[in-house]
Amino acid sequence: MPEFIIVNPQAEKHIALIQLNRSKELNALNLQLMQELRDALKELDNNDEVRAIIITGNEKAFAAGADIKQMAGKSAIDMLNIDQFSTWDQIKKTKKPLIAAVCGFALGGGCELMMHCDLIVASETARIGQPEIKIGVMPGAGGTQRLTRAVGKALAMEVVLTGRFLTAEEALKAGLINKIVPNEMCLREAFALAKNIAAQSPVAVKLAKEAVLAAFNTSLDEGLILERKNFYLCFASEDQKEGMNAFIEKRTPDFKGK
Ligand code: CAA
């Protein structure tokens with residue numbers, strides 16, 4: 001049983017919920033928590049019943065970053081040997097859609113974990129940033145790259161070099177998050193998004209997620225080739241026949257993920 005996360009594989013039909021559960025430490029992401037998260041995501045990714053995964057924290061914090069107390073005394077070689085980011089590399093490979101429901105602080109590694117998610121619902125209380133500069137380091141789990149791609153150089157530089165927190169409004173305006181809702185609606189809104197995605201073809205969703213993410217890693221031409229191959233691959237699924245027949249027969253499709 002994980003100690004620092006709570007996993008519900010069927011919080012709603014086809015929707016899994018992972019809650020980060022180190023609330024006294026504002027969900028600081030220690031090594032064990034990240035390993036538990038990696039293992040849970042791998043299991044849920046392999047569970048055919050699961051079509052979307054929500055990651056959330058609590059009212060005060062999504063996550064306030066990597067665990068500073070765990071890192072403070074480490075040398076560069078300790079950090080190299082611990083190789084904490086290999087856990088993140090595995091999380092990055094999750095094929096099913098990840099939705100972050102963010103209340104309160106999403107800082108440092110917390111912001112980076114949020115940015116590993118495909119859709120982000122934030123509450124009005126969300127405070128988002130990469131404050132590592134204030135403790136003598138810099139982002140290490142993708143912050144300089146993912147934030148810059150999401151919000152552009154000017155704002156990313158400001159956030160990374162000053163450590164200033166963005167409000168939810170600023171994050172929305174910059175294109176970093178999808179929606180802002182009142183605190184008490186945050187999880188409900190994440191479930192609404194997840195439910196919408198879970199009603200689609202899981203095969204098409206997986207292939208579409210892969211194609212969108214490829215836009216960050218490839219040239220336009222390479223991305224277009226991948227998109228085309230994934231589009232053709234959809235036609236190998238029963239879901240494609242079901243989706244198109246349902247349209248023609250004017251009924252709701254019943255996708256099976258096959
Ligand atoms: N690591 C370890 N412990 C943390 C933590 C973190 N990242 N963030 C908060 N905590 C702990 C605090 O030490 C405190 O513990 P104690 O009660 O034992 O003292 C508890 O959580 C509550 O925190 P505060 O009392 O500080 O709460 P606050 O409301 O006054 O302030 C805050 C909230 C502004 C988020 C403040 O806690 C803070 O600045 N936290 C650190 C944020 C940060 O620098 N994150 C980046 C970490 S480095 C990183 O993430 C590297 C990477 O790229 C992977």
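Whatever order the structure lists ligands and atoms in, that order sets their numbers, starting from 1. Since this is a predicted model, take the numbers as computed values, not measurements.
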Hey, which atoms in ligand 1 end up nearer than 4.0 Å to a heavy atom of [X]?
{"X": "Lys24", "result": "20 (C), 21 (O), 22 (C)"}
{"X": "Pro139", "result": "53 (O)"}
{"X": "Pro131", "result": "43 (C), 44 (O), 45 (N)"}
{"X": "Glu112", "result": "52 (C), 53 (O), 54 (C)"}
{"X": "Lys60", "result": "27 (O), 28 (P), 29 (O)"}

What protein heavy atom lies closest to [atom]? Include the residue and the distance to one decimal.
{"atom": "atom 4 (C) of ligand 1", "value": "Glu25 O, 4.0 Å"}
{"atom": "atom 5 (C) of ligand 1", "value": "Ala28 CB, 4.0 Å"}
{"atom": "atom 24 (P) of ligand 1", "value": "Leu26 CD1, 4.5 Å"}
{"atom": "atom 35 (C) of ligand 1", "value": "Leu107 CD1, 3.5 Å"}
{"atom": "atom 19 (O) of ligand 1", "value": "Lys69 NZ, 4.2 Å"}
{"atom": "atom 42 (C) of ligand 1", "value": "Ala64 O, 3.3 Å"}

- Item | Any donor-acceptor N or O pair under 3.5 Å, side chains Ser86, Asp89 | no

- Message: Whether Lys206 engages the ring of Phe255 as a cation-pi pair (distance to the six-membered ring centre under 6.0 angstrom, angle to the ring normal within 45°) should be assessed.
- Response: no

